[in-house]
**Q** 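A single structure is presented below for examination.
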Amino acid sequence: MEETIARILTELEEINQIPNTQNQTPLISRSTLLDLHSLLSTNDPDLVSQLFDDLPSKSLSPSSLTNLLSFTMDSAPSYSILASKVYLSLLLSPNSPVFTLFTPISFLSFLRSLRRSFKNCPLAQPEESPPSHAPPNRKRKGGGRVRGARGNVRGSGDCSEEASDTFDMKQVFKVFEMLVSVLGLIHLDRFPDSLKSLVQTFGEIPLMAMEKLGNPSSFNRLMDLCSRVLSEVLRAEHGELANTAAEVLKALSPLILMVKSQARSFALGFVTKRMTELGNESDGVKKAVVNFPRYLAQKAPEKAEPRALAVDSIMEVVKVMDFEDQIGYMDYVLKMTQGKANLRLLGVDLIAMMLMSLRDPFGVDSDVKTRDYWGTKCLEALITKCSDLSAGIRARALSSLAQVVGFLSSDDRNKGILKEVMGLSEGGEERPQCGMNDLLKNRCMDDKAAVRKAALLLVTKLISLLDGCFDGILLKTVGMACSDPLVSIRKAAISALSEAFRTFSDESVTTEWLHSVPRLITDNESSIQEECENLFLELVLDRVSRAGPACAPKKGSVSPESYLTTKSLEGELELLFPGGILILLKGICDGEVTPWVKKLCTSLGKKKRLKPKIAAALQNIIKTSESIWLSHSMPIEKWTAPAGAWFLLSEVSVYLSKAVEWEFLHHHWLLLDKPGSKGKLQSPLLQGNANEDGEGVESNSVAWAGDRVFLLQTISNVSMELPAEPAADLAHNLLKRVEKFNMHSTEVNAHVKALRTLCKVKSLNPEEADQLVMRWGQQLLSKAHEILEKYISDDKEANNNSSFFTPPRSGSRKGKQAARASRLLSKTVTAVYTVGSLVVVCPAADVSSIVPLLYTVVTSGNSDPKLNKLPGPKVSLKQTAPSLYIQAWLTLGKICLADGKLAKSYIPLFVQELEKSDCAALRNNLVVMMADFCVRYTALVDCYIAKITKCLRDPCELVRRQTFILLSRLLQRDYVKWRGVLFLRFLLCLVDDSEKIRQLADFLFGNILKTKAPLLAYNSFIEAIYVLNDCHAHNGHNDSKNSRTESRLFSIRGNDERSRTKRMRIYVCLLKQMAPEHLLATFAKLCAEILAAASDGMLSIDDITGQSVLQDAFQILACKEIRVSSHRGAASDSAEVEEDGDSSASAAAAKGRAITQAVRKGLIQNTIPIFIELKRLLENNNSPLTGSLMECLRVLLKDYKNEIDDMLVADKQLQKELIYDIQKYESAKARTTAAEAVAGMQNQGVYRSPPCVPKAATGAHPENKMNQKLSSDSKVASAIADAAAEATARSVLREVNKGAMTPPLKAINMPKLKSNQAGSSAKNDRSLDVLESLRRRIDDEN
């Protein structure tokens, strides 16, 4: 060892003589470090003492040795760990001068070497090694020790050449263990910077080691050593524990807030376990741990996923805190929800996690029962945030509340508290801030899609708490959400409404579900169609099929009451079929639901998802109803099956023909076709509700007719399974009934279709079936021809005879003839309808003999002399037989649909009748026929679309709604194009008198049209302004194509408040469909095509329509819908964007904002000169539109103050003129308002009774004082107006100048005063008066 010590001292002496410059650094060689390490590893006090004793002989000191080791640790990456071990060994060696060897600089070098050991040399940070400008090493001559000494001098940056390729973790582990021992010897309370650097280093090492080490066991051992080092730091000897713990937590916070990893797990585990244990022993550490979640909340990121991880980390720390500390942090979170947007969003997440993570939030297990437990406060705060101004926070609060409700409602003890806090309990006191039903209604109709979706999710979760008390308006709102334009919203609404229907079976929920969900079978999204099928199968068909076999009640159970009603019998049936089965079946047969039920059954049947037990259950329900009716000894001819049962059976029997029993069908056909029933119920709609001998039971003839129709459809569907002989008898019976022409129209259709089906099924081949159908079809046509011809001849004869009778005929004879004519008319109407039904099922039928008769009917009484020469009635059948007249048009339309040549000739006749008919029912039928013609003969009808659109202004609401719906469908299917006047005429539906039509129009323009034709609103906006005002100055409004009457019909003329409000509603609807760039372009087009046209004289401002156009333009430019905000991207929008996790969308939004701001600046600079020129023109003409222009200009000065400010800086004179004009306008406006107030108070005094008070007290009354003052001094109103105008102008200028002082009035008015100096003496005197007035105002301002 003596030689080793001598060798070490000799080399140290040589190194120490080398100067430390920027180009070279004295380093200890690896061999010397190894000698030092072997010497210090012996732990021999004598050898160590000898080393330190011999240092002075070589002009060395312990501090110089430490400095050399520091240089080596900093500048020798290849063996910096070895230098670190030697440095720590020196500190741990016996009898070593610790306080001399330990210096902050050497300790920082040691920490840098640790960091560098976990990094590759090229990735080392610049500040971790001294700067180097050394040139490349050159070979030097010399020998012996000089070469060795010179070899220890190297550039500080040349680390890559000798960097070690291996990463020996054993050496690192040894260094960490030695560091733990060193920390036990050295107290860092005197070296706070060294302590802070140590903590920061060990806060970074886990992340660096995670990237360096791939072996989990090595990483775990390293983390254990890091934990030991940090635990050693948390001792009182190293300083104030509270400050040290705070530094440790601050260093670990980046690891805790990062993505899930081993480093994050280590940091969380150290805080929640080790520091919590230390906190039990030290109040300082406990205080730091308690405050740590608050620090994490301030440092939490704003993006969704990192924020969620931060919330999880915070909750891990909160869980290990004491209950009192948890309550304190809960109060802090509640205060966060009232702060900035990012803190409110984080507070919402934390509240939800606290309610679901901490035990017993409502104190149900606590002995002390209190109303305002901590969970109640958190829940109320969460509900409050559901109405936050930020859309992202509203959405997050609603979704968090849904999670909380779903989690807490699993415990029955929490349900009552949840209901009470949310105001859902029936007897509980409702808290004013927690009106949950109103909140959900508002949020389900929120402007933001994320909010609506979250609200629907909350509705789904709350259903378990409602206990059947489902708010009706909320139910309607959820049903409306099923038609939302967004797919995700529709899915959420379907889920919420289906969950309610699954839970509750009351009539309101059933009705709303049936009206909202089945219609989505026609949705464009295939996933929604599949979901609709699954729900219909589960909630309707499966529920019906579960109706078990019910038996008729026994004799003893029959009610002894002699008077029974239908409701009592229905109640008895409901007891046998609980679960709302009868309500469900009744809702299915609703006219608005049946089309969707048919489509659903068809879709499910084609996919073979219908089960035979559905048909069996429906037959069972019908049989049970009949048996209950008979058990009460009621007349069977007055019995009807439960509503909807026959309809649903007729739909499912198409695919379940084998499941329907022929005996069942035959029995009920005989029951409904009894001779006794035929006389009473042959025409149900004409007969009404007969009840002569019903013993209290109402006979529903409409239901009877419906049952008969659906029964015939069922028989047709199962005709393949019918025996041959009964099928032939049934067909013969049906034909005989049709030939009598005495049925209702719905029965006629059913009979004709059943006949066609039976013929096709029982024929050997299709040709034979067609011949059979044609044979009985021609037979029906022949009989119908005879009846129609007889009626026309009789009517003509009656008209001719009535013209020769001057004296009145006998009353009895006239009555008999009238009755016979009425019967003949009814039979003729049914015959004509039968012809139409026959043409539908058999288009090849020969109707050549029927068409002339129908033409005679529809043209009877025509004033055309050419038509008067034709044989037929001279008096129009429209007055004498309106039902026949309407049915003739309907049948003629069906014939034209089957015959294209005939349609080409008759379509103009349909259009002519549509224009002149005064019968709403006929116009409605004609609109439907024209829509069918448009599908079949698109080219023929295209030229008549403009005439069809006139029905959008029909006086009958039904016709308007029918026209709107049919045209909308044609437009969506591209049979009709959005061109010409069609779009402009559709706009008036937005302000229709009917609320239903307005809702349909809002949906068409706001959802369908916005997606299908997004540029239509922008391209037609300017033309719409001219058309709605009936102004013909615009190029696009060509009067040659539209008559003056039509243009007035589709305009909202007038300058009154009602007309302007209607037009403005249309404009706002169109502006809402435009993208930001289109809004800016529309702004420019308004200025260029309307304002500039008015200033150039192209648009007359003397004409009332031109004034309306100009005033509408001012209102549009001033409305908020046309504004494009230049500072979008606030907390609310960014929160909503980050919820979707789309970072590219945020960058695109920022780029769009920059472009928008630049376009706005150029736009406003081109607009202001147009306003100034137009203002001068209006002022010269004393136009009443000056006020509208000034209002618009005032709004622009406020909304575009940044852009206008840049323009006005370069033109101070323009700035002065604008401010002066605004002040002048505001002064006149305020003066008028004040004068009206004075006049109003004077009028009140004129018509008011004199007060019964003494005369002395009259003057003391404040109101009388005001009256006297206002009436005595007429200048008060002017003074008030001037002050108000001055304040308004000053505020506007302050906004334009961004807070700068208002320029004095002298500077504004001086240009106008100079022009009067060369005038007469009177003018000079007037100028002096004005100057004196200005001086007084300036003095008053100062």
Side-chain angles (χ1 to χ4, degrees), residues 30 33-45 48 66 69-70 72-73 76-96 98 101-103 106-119 164 166-188 191 194-195 197-210 212-213 215-235 237-238 244 248 251-252 262-263 266-267 269-270 273-275 277-278:
R30 180 187 291 273
L33 289 175
L34 292 174
D35 290 341
L36 274 171
H37 183 262
S38 61
L39 176 66
L40 297 174
S41 299
T42 60
N43 288 327
D44 189 347
V48 176
T66 304
L69 285 172
S70 298
T72 305
M73 286 187 290
S78 58
Y79 50 91
S80 62
I81 289 295
L82 179 59
S84 300
K85 287 177 63 178
V86 172
Y87 173 70
L88 294 179
S89 299
L90 277 175
L91 295 176
L92 294 174
S93 61
N95 299 329
S96 63
V98 176
L101 293 173
F102 181 85
T103 60
S106 61
F107 192 70
L108 289 177
S109 299
F110 163 71
L111 295 177
R112 281 196 293 268
S113 70
L114 285 183
R115 287 197 189 98
R116 193 180 296 111
S117 65
F118 289 97
K119 296 181 179 179
S164 177
T166 61
F167 184 69
D168 191 359
M169 281 306 302
K170 294 182 179 179
Q171 301 297 327
V172 177
F173 293 157
K174 183 63 177 177
V175 171
F176 276 43
E177 292 173 354
M178 295 172 67
L179 178 60
V180 175
S181 302
V182 169
L183 291 177
L185 295 176
I186 301 173
H187 300 164
L188 297 178
F191 311 102
S194 299
L195 176 64
S197 298
L198 175 64
V199 172
Q200 290 177 352
T201 300
F202 277 82
E204 298 172 2
I205 284 177
L207 182 58
M208 294 186 293
M210 184 178 64
K212 188 73 176 180
L213 299 179
N215 189 357
S217 60
S218 299
F219 182 83
N220 294 335
R221 184 181 175 189
L222 182 65
M223 292 302 101
D224 182 60
L225 292 172
C226 289
S227 177
R228 289 175 57 188
V229 171
L230 293 176
S231 300
E232 193 67 28
V233 168
L234 293 172
R235 290 171 53 197
E237 291 82 357
H238 297 292
T244 306
V248 172
L252 294 177
Q262 293 175 315
F266 157 73
F270 182 79
K273 296 178 182 178
R274 183 58 183 159
M275 293 196 70
E277 295 175 359
L278 296 174

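Along the sequence shown, the residues carry numbers beginning at 1.
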**Q** Do the side chain of Ser106 and the main chain of Phe102 share a donor and acceptor less than 3.5 angstrom apart?
**A**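 No: the side chain of Ser106 does not pair with the backbone of Phe102.
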**Q** Could you check whether any side-chain N or O of Ser197 sits under 3.5 Å from a backbone N or O of Ser194, counting only pairs where one atom can act as donor and the other as acceptor?
**A** no
**Q** If you measure from CD on Gln262 to CZ on Phe219, what distance do you get to the nearest 0.5 Å?
**A**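 The CZ atom of Phe219 is 5.0 Å from CD of Gln262, to the nearest 0.5 Å.
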**Q** Answer whether the closest heavy-atom distance between the side chains of Leu188 and Thr244 falls below 4.5 Å.
**A**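 Counting from C-beta outward, Leu188 and Thr244 never come under 4.5 Å.
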**Q** Decide yes or no for Leu82 and Gln171: does some side-chain heavy atom of the first lie under 4.5 Å from some side-chain heavy atom of the second?
**A**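 No, their side chains stay 4.5 Å or more apart.
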**Q** In Å and rounded to the nearest 0.5 Å, what is the CD to CG distance from Gln200 to Leu111?
**A**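 Output value for this atom pair is 10.0 Å.
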**Q** Under a 3.5 Å distance rule, please check whether His238 uses its side chain to pair with a backbone N or O of Val233 as donor and acceptor.
**A** no
**Q** Would you indicate whether the side-chain heavy atoms of Ile205 and Phe176 approach each other to under 4.5 Å?
**A**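 When only atoms from C-beta onward are counted, Ile205 and Phe176 do touch, with a gap below 4.5 Å.
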**Q** To the nearest 0.5 Å, what is the distance between CZ (Arg30) and NE2 (His37)?
**A**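 One finds 12.5 Å between CZ of Arg30 and NE2 of His37.
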**Q** Calculate, to the nearest 0.5 Å, the distance between atoms NE2 and CZ belonging to His187 and Arg235 respectively.
**A**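 Separation between the atoms: 6.0 Å.
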**Q** Contact between Phe110 and Leu91 at the side-chain level, heavy atoms closer than 4.5 Å - yes or no?
**A** no
**Q** Where do Ser231 and Arg274 come nearest, in terms of heavy atoms and distance?
**A**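 Looks like OG-NE, 3.0 Å.
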**Q** Measuring from Arg221:CZ to Lys170:NZ, what's the distance to the nearest 0.5 Å?
**A**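 Nearest 0.5 Å value for the CZ-NZ distance: 9.0 Å.
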**Q** Suppose we screen for side chain to side chain donor-acceptor pair (under 3.5 Å). Which residues come up paired with Ser181, at least two apart in sequence or across chains?
**A** none
**Q** Specify the closest pair of heavy atoms between Phe173 and Ser218, including all atoms of both residues, with the distance to one decimal.
**A** CZ-O, 3.6 Å
**Q** Is Tyr87 close to Ser70 at the side-chain level, that is, under 4.5 Å between some pair of heavy atoms?
**A** no
**Q** What I'd like to find out is whether the side chain of Leu33 reaches to under 4.5 Å of the side chain of Leu69, using heavy atoms alone.
**A**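 Heavy-atom side-chain distance check passes, below 4.5 Å.
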**Q** Do the side chains of Arg112 and Glu204 get close enough for a salt bridge, i.e. N-O under 4.0 angstrom?
**A**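 Salt bridge absent between Arg112 and Glu204.
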**Q** Using a 4.5 Å cut-off on heavy atoms from C-beta on, say whether the side chain of Val248 contacts that of Phe202.
**A**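 No, their side chains stay 4.5 Å or more apart.
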**Q** Take Leu225 and Arg228, measure what side-chain contact (heavy atoms from CB on, under 4.5 Å) needs, and give me the verdict at the end.
**A** CA-CA 5 Å; Leu225 292 172; Arg228 289 175 57 188; 3.7 Å; yes
**Q** Within the side chain of Ser89, is there an N or O that forms a donor-acceptor pair under 3.5 Å with the backbone of Lys85?
**A** yes
**Q** Report the C-alpha distance between Val86 and Thr72 in whole Å, list the side-chain angles of each, state the deciding distance to 0.1 Å, and finish with yes or no for side-chain contact (heavy atoms from CB on, under 4.5 Å).
**A** CA-CA 11 Å; Val86 172; Thr72 305; over 6 Å; no
**Q** With rounding to the nearest 0.5 angstrom, report the CZ to CG distance, Phe107 to Leu88.
**A** 8.0 Å
